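Right, one structure below, let's go through it.
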Amino acid sequence: MKYHVDQNGYYGEFGGAYIPEMLYPNVEELRNQYLDITSEASFKEEFESLLRDYVGRPTPLYFAKRLSERYGAKFYLKREDLNHTGAHKVNNTIGQILLAKRLGKQRIIAETGAGQHGVATATVCALMGMQCVVYMGEIDIARQAPNVARMKMLGAEVRPARSGSRTLKDATNEAIRDWINNPVNTHYIIGSAIGPHPYPDMVTRFQSVISEEIQKQLQEKEGRNAPDHIVACIGGGSNAAGAFYHFLDNEQVNIIAVEAAGKGIESGHSAATSALGKKGIIHGCKTLLMQTEDGQITEPYSISAGLDYPGVGPMHAHLYASRRAEFISITDDDAMKAGLELAQLEGIIPAIETAHALAIPEKRPFRKDEIVVINLSGRGDKDLNTYIDHFKL
Ligand SMILES: *Cc1c(COP(=O)(O)O)cnc(C)c1O
């Protein structure tokens with residue numbers, strides 16, 4: 001179990017809970033209860049039935065025949081893009097809202113950058129009839145109008161963060177401030193495998209349904225329950241954590257984590273945390289993050305809003321440091337090309353985040369008989385304008 005979280009909330013030297021003292025009771029309540037609550041039979045039943053009937057799980061494991069012919073290996077796509085709301089994020093928000101209900105909370109808060117996690121949170125709040133406040137940087141509100149409209153339509157209140165760079169990190173600060181002021185009735189739904197312990201482990205467990213299904217589906221299709229390689233893109237690391245989870249201790253399975261190189265690792269416009277990051281503390285955990293010599297967090301850049309994050313979840317920092325996973329970074333241009341190629345080879349338009357993972361067959365050779373599963377984290381509808389601008393469609 002050396003790649004899973006330990007008793008103290010660490011993955012190797014990464015993780016932990018580095019939080020202001022005033023937040024301690026909230027996080028402690030979660031830490032004391034998350035494993036007990038999520039292992040109750042009634043919790044599992046409700047989680048599984050919502051994943052099935054509301055989200056649309058299991059998602060297919062699709063053998064991509066034309067992609068496989070082009071790149072000379074057996075490529076399977078795990079179709080998280082077919083989930084309700086168009087990506088994997090809803091697996092986590094369903095799990096967390098069921099947990100919040102059992103903790104007696106009536107109010108949900110969340111932070112969002114591009115708005116995808118805000119929409120997934122607003123969706124489950126509508127489903128459960130819970131009050132929902134989403135903090136979002138003022139700049140992001142202006143850039144992401146369709147997602148702001150979705151959240152409002154779903155009944156959420158979108159509160160602008162007006163301090164600092166007016167983006168994700170400022171929205172996160174506002175959400176934490178809100179939580180400190182409302183410790184009893186409010187649960188904070190974090191959107192990726194980041195944050196203070198137990199969040200990374202909790203989010204990873206909810207997302208681990210992805211690799212659980214891959215095991216069963218590969219058994220049916222190939223007569224074996226593990227691929228040779230599992231590939232996923234990494235922003236904060238939740239879809240990757242879910243896709244890797246059941247393969248972590250099987251060292252026969254090569255893990256490939258794909259980061260956003262932006263305009264190039266050396267360009268100063270990138271989000272390639274493992275290549276550029278150093279140890280530091282962000283959003284309540286010790287991990288790798290991009291920072292200046294004197295420890296100021298560097299503004300990340302990627303063409304995909306979901307990978308535009310200066311850190312990486314502590315599990316992934318450990319997978320990198322222990323060399324359990326291969327880390328590869330993909331530029332904007334290569335990701336966009338891979339997105340267009342998947343559309344034309346397989347009739348699937350992927351999210352630009354996912355397109356980074358789809359660039360791997362072009363970047364890295366595989367043997368003809370090898371089975372490679374790529375986690376298709378989301379659909380590209382939200383990215384159509386970026387595709388249009390990039391390719392002059
Ligand atoms: C949010 C998002 C990501 C990045 O988040 P992770 O927590 O790293 O998974 C990747 N793909 C899609 C489609 C997303 O919406």
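Computed from a prediction, not measured in an experiment: that's the story for all the values here. Indexing begins at 1, ligand by ligand and atom by atom, following the structure's order.
Using the six-membered ring where Trp is involved, F47 and F206 have ring planes that are tilted, between 30° and 60° apart.
Comparing heavy-atom distances from atom 5 (O) of ligand 1 across S304, G306, A232 singles out G306 as nearest. One option in E80, H356, K89 has a heavy atom closer to atom 15 (O) of ligand 1 than any other, and that option is K89. Comparing G237, G86, S377 by heavy-atom distance to atom 12 (C) of ligand 1, the nearest is S377. Around atom 9 (O) of ligand 1, the closest heavy atom drawn from T354, N239, L376 belongs to N239.
Residue contacts with ligand 1, taken as heavy atom pairs separated by less than 4.0 Å, involve A351 solely via side-chain atoms from C-beta onward.
Protein heavy atom at the shortest distance from atom 10 (C) of ligand 1 is E353 CB, 3.5 Å.
Without hydrogens or angle criteria, R166 side chain to D140 main chain gives no donor-acceptor distance under 3.5 Å.
Using a 4.0 Å cut-off between charged nitrogen and carboxylate oxygen, K337 and E362 do not count as a salt-bridge pair. A salt bridge links R159 with E157: the closest approach of a Lys/Arg side-chain nitrogen to an acidic carboxylate oxygen falls below 4.0 angstrom. Salt-bridge annotation for E174 and R177: present, with a side-chain N of the basic residue lying under 4.0 Å from a carboxylate O of the acidic one.
The closest approach between R379 and ligand 1 stays at or above 4.0 Å for every heavy atom of the residue.
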